[in-house]
Each structure stands twice: as C-alpha cells, then as structure tokens.
2 protein chains.
Amino acid sequence: MTEVAQESPEPVGRVARKRGRRIQQILAVAAELFGERGYDAVNLDDVAERLDVTKGSLYYYFASKDELAAAAIETLGSDWTDRLERLPAGAEGPPTARLRALIREHVAIAVREYPAALRLFLVPSTWPDALRVRITELRRRHDHVFRTVLTEGIDRGEFRVVGLGSTLQAMHAAMSQAPLWCAGLGEDEQERALDELADTLMKLVA
Amino acid sequence: MTEVAQESPEPVGRVARKRGRRIQQILAVAAELFGERGYDAVNLDDVAERLDVTKGSLYYYFASKDELAAAAIETLGSDWTDRLERLPAGAEGPPTARLRALIREHVAIAVREYPAALRLFLVPSTWPDALRVRITELRRRHDHVFRTVLTEGIDRGEFRVVGLGSTLQAMHAAMSQAPLWCAGLGEDEQERALDELADTLMKLVA
DNA sequence: CCAAATATTGACTCTCGGGTCGAAGTTTGC
DNA sequence: GCAAACTTCGACCCGAGAGTCAATATTTGG
C-alpha cells in the first residue's frame, strides 16, 4: 500500500534493490516538489523532467499522482518525524534543557534539511483525502514528542504553562512557520534567528 | 485595477449601485471559497453555482479568475485588517492590557467572522504573483499593529521580550493557526480556548 | 550470446476548467 | 410602452495535465 504500484512476490535480488533505489530517487524529487509547491501545482511532467525521464516511467512505479504524492509525503514526513523522535535532546536530563534543545534542533533540521516538510502541516485541506490521514498521523507524532517533555516539566514543577493545549499549539505554529520566516536570511543570521526563536518559545513555559 | 472588468465613466445612479451590490455578493462567495480551499482548488463553476448563476455572469464583472481572486482577497483581507487597526483595544491604556485585548479580540474576530482569511497568510506561495503582493501588504499592516504595541510596552518597561522579531513571528504564527485549532470546538469551548491562547501568548512578553 | 524480465519511451486519449461570445432575457429612463 | 442599456445564459473553444499503452531499449541470468 505504501509505495509500489505492482505487487510482486518480492524477489530480493539485485533487481529488486535497483528498483528500490530508483523509487527512492523518484520520491526524493517528488517530495521536494510537492513540499515546495503543494499538491495541485506539481505536475508529473515536471517531476519526470527533473529525473531526466518521461512521465510514463513514473507510472511504471506509481499508479497515480495521488499514490506518488502519498509515498513522497510518507518518506519526507516519516524521515523527518523519525529523526525528531530520536533526537538525543528528547531523551533525558532536566525538561528545561531538553525542551530548549528539542525546539532548537528540530527547527534547525526542519529549516535546513526539510524546508518543504513543514508545509504539509500548514494547510492540510489542500491535500487529497488519503494524504490528509497520513499528515494527521505525522502531526500527532510530533505533538506527542513535545507533549511528553512538556508534561514531564510540568509535573516536576519546572514548567509553568497556562494550558497544555494552547502552549503546544503556539509552539507548533511558530515552528511550522520558521522556514518562511528564515527565508532569505544568510547562514549566520538564520542561526541567530533560530536561537532567538527557541528562547522566545521557552518563555511559554517559564 | 482593483475590481471591475469594464471601466465606465462611473455613473453613480441606481444602476451603478445595483451593480455594486452584485459585485459584493460575488466577492463574498468568492472570498469564502478561496479562503477555504486556496486558489487552485476553487473553480469558477462552483463559485457561480453558489450564486445560482452561470460562469458567464462572473466574467461580466471580472476579467479573469486572477482578478476575481484578487478582488476577493482585497475585500476579505482589507475588511479584516481595517477592523484590526481600529480595534479600541489598540488605542490607549497600558500596553499589557492593550496587547492582551488586541490578541483576544483579533483572534475572536478572525475565527468567528473571517475563518478563511488567515489561510491567506499561511502559504502565500500558492497564490498567483499579483495576489502575493497584496497579501504581503496586508501582512505588513497586521504586523505593524502588533509591533506598535510591543515596542511601546518594551519602552515603558512593561514587556520583556527575547527579541522583537521572534516574538512577533511566534504571535502571528499562533494566531494564524487558531482557526485550525478551534475547528470542531463548540461555542463555549472555543471561547475558553481563545482565552487560553491569549494568556499563553502573553507569556511571550512577561 | 541469447531469451526473458525489466525499464523507458512518446504518442495518444480524455477530462477538467478557464475563458469567449452571440443570443436571449431583464431593467431602466424617457 | 418602447428603445437602449444592462445582465444572464449556455454552448462552445482550447490548453493543460492526468493517465494509457504498444513498441522499443536495456539489463539480467543462464
């Protein structure tokens, strides 16, 4: 269901691996474009062209635009979410330090390596229904990471929040829009901007 | 340039007024749809259908989809922005009270009466170039309102912020996503949610 | 080296939706 | 009541882009 159009009795030889690599190449390009432009504005000829291939080839691997987009979002989003979940910052130590590091690293990674991914969260309604479900799931996972640290900090008395919901909502919102905010800044300015943003968001739990 | 397709030597009689009303009706529907779905996903047949009219009629008043969308955004956005700029909360009094009221009222109005408008700010890149300019201008005006109160509060020593930029960015981001957050809540819950959000955002300047 | 499996092509179809326009219907002002 | 102005209709054109497919090229394993 996740990616390939044809389902074969999965022969795991050289061939299958090559096929897998090709799919990864396609997904990488697709993810970039879908993230940049949104669903409607991407056309498959463009995707194909970037791969020096024709549209027909895409349909050899994916049954439809929807399926390609779904798979692309899947990789884009889950790579990124996996990474968030495994951030050492999220692991242990006092909640204050953890949260600060979590915010800072998460945003840095997002802005640098997945500038497109955050778009997914901004206007879910522009994506086909099937994709929205996946997006919601990803969002839930992100939420969970931050919620965990937050509740722990609150329990320990390190954090004082007005409300868990609004705090999470404000944090996610601000982080989602960070790439937009950072767009057009130089390396250093960007670093400083992200530091500032992280510090600002920490005030929400101060 | 703003709205009508044909430019006449503006006869300001009954006819012109009627025409004006019709245009307003069209814009109201268009604004709602464009705000809800974004530019691409709206098709003019849908807009026409909601008005119990055919597409041809729309083209009698507007030269193109772009122009209709531009005019729709114009009304949607400028009504809303005018209102923000004129909020009594923004006028005088101690910055703390003003900012809190400003946030609270602004979000309430946005969620209740302009649920679609905020979408404009979320992903500007999905709109045609001409519209992006207008959107940017609106955003600037919103920014200005909050920036004014913030700087005053800082000068007076009432506010302590990490940085003006990141504070504004975080506030705008959170407010922009409020409708998404409030979607599906009942009247009362919504009120409480918005109160909570406003209080949470006040922590950014505490 | 050859046949079978795999991958790619490019020309094709088809639908959707923006945009046009002359004819028909309605309103206005005299 | 009637001509002129204004408004609406709906059939039509057209380009863009999703999706198809038989033919062709390439790779693989024996």
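Residue numbers begin at 1 in each chain, while the letters A, B, ... track the order of the sequences. Remember, it's a predicted structure, so these values are computed and weren't measured experimentally.
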Quick check on [N]: is either OP1 or OP2 less than 4.0 Å from any side-chain nitrogen or oxygen of [X]?
{"X": "B:Ser57", "N": "D:dT7", "result": "no"}
{"X": "B:Arg22", "N": "D:dC6", "result": "no"}
{"X": "B:Tyr59", "N": "D:dC9", "result": "no"}
{"X": "A:Arg19", "N": "C:dA7", "result": "yes"}
{"X": "B:Tyr60", "N": "D:dT8", "result": "no"}

My understanding is that only residues two or more places apart in sequence, or in another chain, count here; which of them pass side chain to side chain donor-acceptor pair (under 3.5 Å) with [X]?
{"X": "A:Arg112", "answer": "none"}
{"X": "A:Glu49", "answer": "none"}
{"X": "A:Arg50", "answer": "A:Glu32"}

Using atom [atom1] of [X] as one end and atom [atom2] of [N] as the other, report the distance to the nearest whole Å.
{"X": "B:Lys18", "N": "C:dT26", "atom1": "NZ", "atom2": "P", "value": "12 Å"}
{"X": "B:Leu68", "N": "C:dG18", "atom1": "CG", "atom2": "P", "value": "10 Å"}
{"X": "B:Gln25", "N": "D:dT7", "atom1": "CD", "atom2": "C1'", "value": "13 Å"}
{"X": "A:Leu58", "N": "C:dA7", "atom1": "CG", "atom2": "C1'", "value": "12 Å"}
{"X": "A:Lys65", "N": "C:dT15", "atom1": "NZ", "atom2": "P", "value": "18 Å"}

Going by ring-ring contact (aromatic ring centres under 6.0 Å, His included), name the residues that satisfy it together with A:His172, two or more places apart in sequence or in a different chain.
A:Phe146
Heavy atoms within less than 4.0 Å of DNA chain D: which residues of residues 30-52 of chain A have one? Give them sorted by number.
A:Val42, A:Asn43, A:Leu44
Which pairs, with at least one residue in residues 181-206 of chain B and sequence neighbours excluded, count as a ring-ring contact (aromatic ring centres under 6.0 Å, His included)?
none
Run the numbers on B:Asp143 and B:Met171 for side chain to side chain contact (heavy atoms under 4.5 Å, CB included), then give the verdict.
CA-CA 10 Å; B:Asp143 194 70; B:Met171 279 187 181; over 6 Å; no
Ignoring hydrogens and angles, answer whether the base of C:dG18 and the side-chain atoms of B:Lys55 contain a donor-acceptor pair closer than 3.5 Å.
yes
For A:Tyr39, is the NZ or CZ atom of A:Lys65 found under 6.0 angstrom from the centre of its six-membered ring and inside 45 degrees of the ring axis?
yes
